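Written below as structure tokens is the structure these notes are about.
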Amino acid sequence: MNGVWQKAADRIRDVIGQVGYEAWIKPLNFISLENQTATIEAPNKFFRDIVVERYLLLMSNSLSQEVGEPVEIKLAVCARSPLGANGSTNGHSANGHSNGHAAGALKNPRPASALADPADARKTLHPQLIPRYTFAEFVVGSSNQFAHAAALAAANQPGEKYNPLFIYGGVGLGKTHLATAIGHHIWAAGNYQRILFMPAEVFMNELIGSLRRDRMAEFKERFRRADVLILDDVQFLAGRERTQEEFFHTFNSLHAERHQIVLTSDKAPRDINGLEERLRNRFESGLIADIAPPDLETRVAIVQKKADLEHLVFPAEVALWIAQNVSSNVREIEGSLTRLSALASISRKPITVDFAREALRDMIRTNDSKPDIETIQRAVGDFFHIRLADLKSKKRTQHIAFCRQVAMYLCRKLTNASFPSIGDAFGRDHSTVIHAYNLIHARITSDSAFRFSIEKIERGLKTQHANAA
């Protein structure tokens, strides 16, 4: 049956690309296929959880297509793995719940300080970078684990591993923190001295100033001699032709010399309108890593970590309440703790849930409006690794058609839009939307693994919409 798994894996690679395949699918070990259940081993529990969240449904669909009948996947942790050693294989059924944990239990994500940090040896940080943005202060969870691992690899082998490294995600999720941590890490190792960090807007302003003062030679010398160039918010390069041209040549010069380039953006390169194709191609030539809004467990860990740094003391139920009620935006979580600290200091009262509720009443999420159709389309596309244009296209390949049906179902469930208006958004008639809704609804009722995946998309949409409100 290994041949069947390999064919299914090839299908998965076609969907998620070579980098995603090498990182998350290739390390899996196919064990058996019996009674329509495939047993597959992951190297450790954390790896398994990521695969379940991102790829389980795609794996099940791909195997089912090869076998010709529905296949459920049992994703287990390798018995030899120290992370899974507890007397069992910690099997993870396709419904997404691990056998060793009660539903709803917190999973205690680990802070990155558990990893070796060269900054501990030199006891110094780069003088021009934000001091608190280090790997030691970054909380790792399922939503950012891939981006964190990629950033640490680039920091340990600058210019050799993942160059360029492109990190993207929503506002306040940790892109700048990770990019800055790379700079601190490389600086602390002591092998590289010319580390430049700046927002793309500053790069543009410096370029304009150099052109005005006729000092382009100095500008080029400064940027093209950098050992490490970290450019934040590169989406601001869009539509600025002269700035893009100069950065294109700067990029080529640094890359040719194998100097590390780190880029951050609020969008993936393909979604940045007004970005020249040649620059888009350069951005996509390395590794692209996304950061999603943190789940509840990670938000709790972030609250606890930030509270420790602020020397705030409060019981665990306060951390849980803040994580549940304040935005998933990490900056807003930090802001809530700053406000909590100030009010507690002024009032000299202990921090309880009631105190936090009163202190943070203006920051609590209260928006009950619904996401729009395009937001749902993008969320479904991101979850299944499909471009928005393909989701709206006339393409009828099985995977795209299936994902389109999921998006139609969620549009009907989560918005007030009628069947005809949803059909218009997809370039289809209302009968197609009705068929999709009924089909997906029936599968959710009968397939617990599929229901888990749809609920995952819904939770992500609710979090995203609350952040935007």
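Worth saying up front: this structure is predicted, and the values here are computed from it rather than measured.
Between H441 and Y409, the ring-plane angle classifies as tilted under the 30° and 60° cut-offs.
Under a 3.5 Å cut-off, the side chain of Q260 and the backbone N or O of Y162 do form a donor-acceptor pair. Looking only at distances, no side-chain donor or acceptor of D290 sits under 3.5 Å from a matching main-chain atom of G169. A distance-only check finds a donor-acceptor pair linking the side chain of K175 to the backbone of G170 [under 3.5 Å]. Proximity of a side-chain donor or acceptor of R339 to a complementary backbone N or O of L360 within less than 3.5 Å is not detected. For D227 (side chain) and R194 (main-chain N/O), a donor-acceptor pair under 3.5 Å exists by modelled atom type. No donor-acceptor pair closer than 3.5 Å links the side chain of Q377 to the backbone N or O of L391. Checking side-chain atoms of S341 against main-chain N and O of L337 turns up no donor-acceptor pair under 3.5 Å. Judged purely by atom type and a 3.5 angstrom limit, R270 has no side-chain atom pairing as donor or acceptor with the backbone of E284. Proximity of a side-chain donor or acceptor of R404 to a complementary backbone N or O of S393 within less than 3.5 Å is detected. Between the S265 side chain and the D233 main chain, no donor and acceptor come within less than 3.5 Å of each other.
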Exercise. Report the C-alpha distance between D308 and K305 in whole Å, list the side-chain angles of each, state the deciding distance to 0.1 Å, and finish with yes or no for salt bridge (charged side-chain N to carboxylate O under 4.0 Å, His left out).
Key: CA-CA 5 Å; D308 288 343; K305 181 72 173 178; over 6 Å; no
Exercise. Dump the intermediate steps for salt bridge (charged side-chain N to carboxylate O under 4.0 Å, His left out) on E277 and R280, then the final yes or no.
Key: CA-CA 5 Å; E277 190 62 30; R280 192 190 319 276; 3.3 Å; yes
Exercise. Could you walk me through whether N163 and I261 pass side-chain contact (heavy atoms from CB on, under 4.5 Å), step by step?
Key: CA-CA 6 Å; N163 193 26; I261 302 168; 3.7 Å; yes
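Atom CZ in R299 sits 9.5 Å away from atom CG in N325 (nearest 0.5 Å). Note that CD1 of I12 is 4.5 Å distant from CD1 of I25, once rounded to the nearest 0.5 Å. The CD1 atom of I454 sits 5.0 Å away from the CD1 atom of I444 when rounded to the nearest 0.5 Å. A distance of 5.5 Å separates CG of L279 from CD of Q244, quoted to the nearest 0.5 Å. Summarising the geometry, atom CG belonging to N438 is positioned 11.0 Å from atom CD belonging to Q405; distances are rounded to the nearest 0.5 Å. Note that CD1 of I302 is 12.5 Å distant from CD1 of I322, once rounded to the nearest 0.5 Å.
Pairing each heavy atom of L343 with each of A359, the nearest pair is CD1-CB, 3.5 Å. In terms of heavy atoms, M198 sits closest to V202 at SD-CG1, 4.1 Å. The shortest non-hydrogen separation linking V330 to K306 is CG1-CE, 4.4 Å.
For R132 and E137, the salt-bridge test fails: no basic side-chain N is under 4.0 Å from an acidic carboxylate O.
Contact check for H177 versus Y133: side-chain heavy atoms found under the 4.5 Å cut-off. The side-chain heavy atoms of F450 and I440, taken from C-beta on, include a pair separated by under 4.5 Å. Proximity of I373 to I422: side-chain heavy atoms (C-beta onward) are separated by under 4.5 Å at one or more points. Residues L152 and H185 meet the side-chain proximity criterion, which asks for heavy atoms closer than 4.5 Å. Counting heavy atoms from C-beta outward, Y55 and L75 have side chains that stay 4.5 Å or more apart.
A donor and an acceptor atom, one from each side chain of D429 and S431, are located under 3.5 Å apart.
The stretch residues 280-312 participates, sequence neighbours left out, in these ring pair (Phe, Tyr, Trp, His ring centres under 6.0 Å) pairs: F166-F283.
No option in N61, I386, L439 other than N61 meets the side-chain contact (heavy atoms from CB on, under 4.5 Å) test with F402.
Aromatic ring centres of F223 and F203: separated by under 6.0 Å. You'll find the ring centres of F135 and H184 outside the 6.0 Å limit.
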